[in-house]
K.L.:
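Just passing along the structure, written as structure tokens.
Index from 1, following the sequence. The model shown is predicted, which means the values in this text are computed figures rather than measured ones.
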Amino acid sequence: MRQEIAHIALVVRDYDEALAFYCGKLGFELVEDTYQAEQDKRWVVVRPRGSRGSTLLLARASKPEQEAFIGNQSGGRVFLFLATDDFARDFGAMKQAGIAFDRDPMEMDYGTVAVFRDFYGNLWDLVQFADGHPMAV
């Protein structure tokens, strides 16, 4: 048996502003952007360049209850983890693109990590796992 997590839904205010951040600033690639007329919504999927793992489904909030969670889907905890094979390269590119980091890079037992915010305020880890770590890219 083989299973994997295909998509993680991220509630956003607007598809195009989310794409501008994830594809324009973070350098993710657009996997799919399909209009679904029967629901008057778009199916928008992005992923980090070179990744074949889980993707982000950018899901526009469609009711007030969902809007309340934009930027705070995890109650203020780090929500998503962007693993890299070159921390210095990606940290530098992200700073150059104007990405806000809440925590400077730190060396931990598991690797190098820094915390940044996405366009909406969700917290992410940028992490390069140490050689030999089971999650190393």
Side-chain angles (χ1 to χ4, degrees):
M1 181 172 86
R2 181 173 183 265
Q3 296 179 334
E4 59 186 51
I5 295 173
H7 307 295
I8 296 170
L10 183 66
V11 181
V12 300
R13 184 176 32 251
D14 176 82
Y15 297 116
D16 294 323
E17 69 183 15
L19 284 171
F21 177 82
Y22 287 103
C23 295
K25 288 197 174 215
L26 276 185
F28 283 21
E29 63 184 356
L30 178 62
V31 175
E32 183 176 0
D33 186 350
T34 305
Y35 180 66
Q36 297 179 334
E38 65 280 357
Q39 296 178 35
D40 189 32
K41 69 178 185 179
R42 289 160 59 187
W43 183 260
V44 180
V45 179
V46 299
R47 69 175 164 218
R49 292 208 182 280
S51 174
R52 295 293 172 247
S54 300
T55 63
L56 283 180
L57 171 65
L58 303 178
R60 186 189 68 206
S62 60
K63 35 181 136 165
E65 301 85 48
Q66 294 172 1
E67 289 173 6
F69 290 97
I70 295 171
N72 192 25
Q73 289 190 205
S74 63
R77 294 187 56 98
V78 170
F79 175 51
L80 297 163
F81 300 79
L82 180 59
T84 178
D85 63 349
D86 187 332
F87 184 91
R89 176 198 65 212
D90 292 344
F91 180 76
M94 291 167 72
K95 292 283 280 189
Q96 184 77 20
I99 307 257
F101 279 83
D102 281 25
R103 287 186 224 140
D104 290 330
M106 296 175 54
E107 294 294 328
M108 306 297 285
D109 291 344
Y110 58 85
T112 306
V113 63
V115 177
F116 70 95
R117 289 182 184 270
D118 68 14
F119 180 78
Y120 296 103
N122 294 299
L123 295 176
W124 288 64
D125 271 359
L126 173 66
V127 59
Q128 181 175 3
F129 290 105
D131 290 340
H133 188 281
M135 296 299 295
V137 176

K.L.:
Could you tell me which non-hydrogen atom of Phe87 sits nearest to which non-hydrogen atom of Leu126, and how far apart they are?
P.N.:
CE1-O, 3.4 Å
K.L.:
To the nearest 0.5 Å, what is the distance between CG (Leu30) and OG1 (Thr55)?
P.N.:
11.0 Å
K.L.:
Check whether any side-chain heavy atom of Ser74 lies under 4.5 Å from a side-chain heavy atom of Leu123, and answer yes or no.
P.N.:
no
K.L.:
Once rounded to the nearest 0.5 Å, what's the spacing between atom CZ of Arg13 and atom CD of Gln66?
P.N.:
14.5 Å
K.L.:
Check Asp16, Leu58, Thr34 against Arg42 for a side chain to side chain contact (heavy atoms under 4.5 Å, CB included) and give me the one that passes.
P.N.:
Asp16
K.L.:
State, yes or no, whether a side-chain contact exists between Arg117 and Asp102 at a heavy-atom distance under 4.5 Å.
P.N.:
yes
K.L.:
Measure across Arg103 and Ala114 and return the closest heavy-atom pair with its distance rounded to 0.1 Å.
P.N.:
O-CB, 3.4 Å
K.L.:
Using modelled atom types only, decide if a donor and an acceptor are shared between the side chain of Arg47 and the backbone of Val31 within a distance under 3.5 Å.
P.N.:
no
K.L.:
For the CZ atom on Arg52, are there more than 12 heavy atoms of other groups (residues, nucleotides or ligands in this structure) within a distance under 6.0 Å?
P.N.:
yes
K.L.:
Show the nearest heavy-atom pair for residues Gly27 and Arg49, with the distance to one decimal.
P.N.:
O-CG, 2.9 Å
K.L.:
Do other residues, nucleotides or ligands put more than 12 heavy atoms under 6.0 Å from the CD atom of Glu38?
P.N.:
yes
K.L.:
In Å and rounded to the nearest 0.5 Å, what is the CZ to CG distance from Phe28 to Leu56?
P.N.:
6.0 Å
K.L.:
Can you measure from CD (Gln128) to CG (Asp85) and round to the nearest 0.5 angstrom?
P.N.:
7.0 Å
K.L.:
Assigning hydrophobic clusters by single linkage (Ile, Leu, Val, Met, Phe, Trp, Tyr; side-chain heavy-atom cutoff under 4.5 Å), is Ile70 placed with Tyr15?
P.N.:
yes
K.L.:
Inspect the surroundings of CD in Gln36 and state if more than 12 heavy atoms from other residues, nucleotides or ligands are less than 6.0 Å away.
P.N.:
yes
K.L.:
Out of curiosity, does Ile5 fall in the hydrophobic cluster containing Val137 (side-chain heavy atoms, cut-off under 4.5 Å, transitive links)?
P.N.:
no
K.L.:
How far does CZ of Phe79 sit from CG of Asn72, to the nearest 0.5 angstrom?
P.N.:
10.5 Å
K.L.:
Do the non-hydrogen side-chain atoms of Ile99 and Phe21 ever get within less than 4.5 Å of each other?
P.N.:
yes
K.L.:
Can you name the closest pair of heavy atoms from Tyr110 and Val127 and give their distance?
P.N.:
CE1-CG2, 4.0 Å
K.L.:
Among Val78, Leu10, Leu80, Val11, find the one that has a side chain to side chain contact (heavy atoms under 4.5 Å, CB included) with Asn122.
P.N.:
Leu10
K.L.:
How long is the span from the CD1 atom in Ile8 to the OG atom in Ser54, to the nearest 0.5 Å?
P.N.:
5.0 Å
K.L.:
Side chains of Trp43 and His7: does their closest heavy-atom pair fall under 4.5 Å?
P.N.:
yes
K.L.:
How close do Ala136 and Ala130 get, counting heavy atoms only, and between which atoms?
P.N.:
CB-O, 3.7 Å
K.L.:
Could you tell me whether Lys25 and Glu17 have a side-chain N and a carboxylate O separated by less than 4.0 Å?
P.N.:
no
K.L.:
Verify the cluster assignment for Met135 and Met106: are they in a single hydrophobic cluster under the rule of side-chain heavy atoms below 4.5 Å apart?
P.N.:
yes
K.L.:
Would you call the rings of Phe101 and Phe116 parallel, tilted or perpendicular, where under 30° means parallel and over 60° means perpendicular?
P.N.:
tilted
K.L.:
Side-chain contact test, heavy atoms from C-beta onward, threshold under 4.5 Å: evaluate it for Leu19 versus Asp33 and give yes or no.
P.N.:
yes
K.L.:
Trp124 and Tyr120: same hydrophobic cluster, using ILVMFWY side-chain contacts below 4.5 Å?
P.N.:
yes
K.L.:
Is there a side-chain contact (heavy atoms from CB on, under 4.5 Å) between Asp40 and Tyr35? Walk through the geometry before answering.
P.N.:
CA-CA 7 Å; Asp40 189 32; Tyr35 180 66; 2.6 Å; yes
K.L.:
Check the hydrophobic clustering (I, L, V, M, F, W, Y; side-chain heavy atoms under 4.5 Å; chains of links allowed) and say if Phe129 and Phe81 are grouped together.
P.N.:
no
